[in-house]
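Just so we're on the same page: letters track the sequence lines, and every chain starts at 1.
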Number of protein chains: 2
Amino acid sequence: MKATRNTTAKTAVLEIFEKSKTALSHSEIQKQLNDVCDRVTIYRILDRLVNDDIVHKISNLDGTVKYAKCNHSNQRVHIHNHAHFSCENCHEITCLENVKPSYIMPHNYKVKEINFTLSGLCPNCLNSNI
Amino acid sequence: MKATRNTTAKTAVLEIFEKSKTALSHSEIQKQLNDVCDRVTIYRILDRLVNDDIVHKISNLDGTVKYAKCNHSNQRVHIHNHAHFSCENCHEITCLENVKPSYIMPHNYKVKEINFTLSGLCPNCLNSNI
DNA sequence: AATTTTATCGCAACAATGTTGCAATTGATA
DNA sequence: TATCAATTGCAACATTGTTGCGATAAAATT
């Protein structure tokens, strides 16, 4: 595999992820980057980060795509099978690292990956009694 | 609420859903429709069908959106909390009506809807030992 | 059956998101 | 510092989805 380089743009993107507690979309990253680099470059950086397992990609119910930094802290083998929560009010996506669903599959399917997204109200919006 | 009409295009779309065992994307429907109606009309028909609870919308891991006919047979109250299976080989999406995940949430989140998608190999592709 | 009402349609135009090719740039390494 | 290849910017394009509006056609009413 090819070596990935640490470029100005990539570092800037990583800093943004570091600061953010929630998952970010391409356009949100673009806004925060303030023309550090081209739109296309952000796509390519995100692709690389996903490939290098530094960031994971989350597709939402509403069709939007977001990215979040991976939390490798506890696991040797890195699998993204945790749940995500999507707030219908503030539209923030948070990783629920500890929520893992259990389920029973019909045999003759081979499951390799799961995506479990819950939506509703996040603690913040719930408290603002909306 | 407004009354929905039975138009030629809507009937054609429903027939396609009837024939299909898997979920269909807008473009797949468009191909099968053979210019029965405009691209935009298909979007509007799908919106109406989702609204009328005749079809449900499925957002996939890869960002694609598909639609499938609802199976109301057993339930009075109709909830789409069943799982979907996405085959990484043939890219078909199937509803797993009977697979429902169980999970434990942190308190202070209010869950209203869940989306549970599994991916891997479907029975067909598994048998063709790929 | 003709008329009326309004849901639906087609078309054009637009917006958002993502991709590709290619020449120029720049990070890493020797 | 020179070299090599990963990365970038730009332009162009593809796909997906949305909106406004005048025309059309279901369905209800007369």
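- The CG-P distance, from Asn6(A) to dA5(D), rounds to 19 Å in whole Å.
- Under the 4.5 Å side-chain heavy-atom criterion for Ile, Leu, Val, Met, Phe, Trp and Tyr, Leu33(B) and Val65(B) are members of the same hydrophobic cluster.
- Without hydrogens or angle criteria, Thr64(A) side chain to Asn60(A) main chain gives no donor-acceptor distance under 3.5 Å.
- The interatomic distance linking Ile45(B) (CD1) with dG17(D) (C1') rounds to 15 Å, in whole Å.
- Contact between the side-chain N/O atoms of Thr7(B) and the OP1/OP2 oxygens of dC9(C) is found at a separation under 4.0 Å.
- Both Tyr103(A) and Val111(B) are members of a single hydrophobic cluster when ILVMFWY side chains are connected at heavy-atom separations under 4.5 Å.
- Rounding to whole angstrom units, CG of residue Leu46(A) and P of dT8(D) are separated by 11 Å.
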Fill in: Stepwise side chain to side chain donor-acceptor pair (under 3.5 Å) test for Ser102(A) and Ser102(B)
CA-CA 5 Å; Ser102(A) 57; Ser102(B) 58; 2.7 Å; yes
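- Computed from coordinates, the Arg48(A) CZ to dA6(D) C1' distance equals 8 Å when rounded to whole Å.
- For Lys10(B) and dA7(C), the NZ to P distance is 13 Å, given to the nearest whole Å.
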Measure all distances between protein nitrogen or oxygen atoms and nitrogen or oxygen atoms of nucleotides 24-26 of chain C, and list the pairs falling under 3.5 Å.
none

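- Here the C1' atom of nucleotide dT16(D) and the NZ atom of Lys31(B) are 13 Å apart, to the nearest Å.
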Mind listing the N/O atom pairs, protein and nucleotides 18-22 of chain C, below 3.5 Å?
residue: dG18(C); atom: OP2; partner: Tyr43(A); partner atom: OH; Å: 3.0
residue: dG18(C); atom: N7; partner: Arg39(A); partner atom: NH1; Å: 3.3
residue: dG18(C); atom: N7; partner: Arg39(A); partner atom: NH2; Å: 3.3
residue: dG18(C); atom: O6; partner: Arg39(A); partner atom: NH2; Å: 3.0
residue: dG21(C); atom: O6; partner: Arg44(A); partner atom: NH1; Å: 3.4
residue: dG21(C); atom: O6; partner: Arg44(A); partner atom: NH2; Å: 3.4

Check: residues 36-49 of chain B side-chain donor-acceptor pairs under 3.5 Å, at least two apart:
residue: Asp38(B); atom: OD2; partner: Val40(B); partner atom: N; Å: 3.0

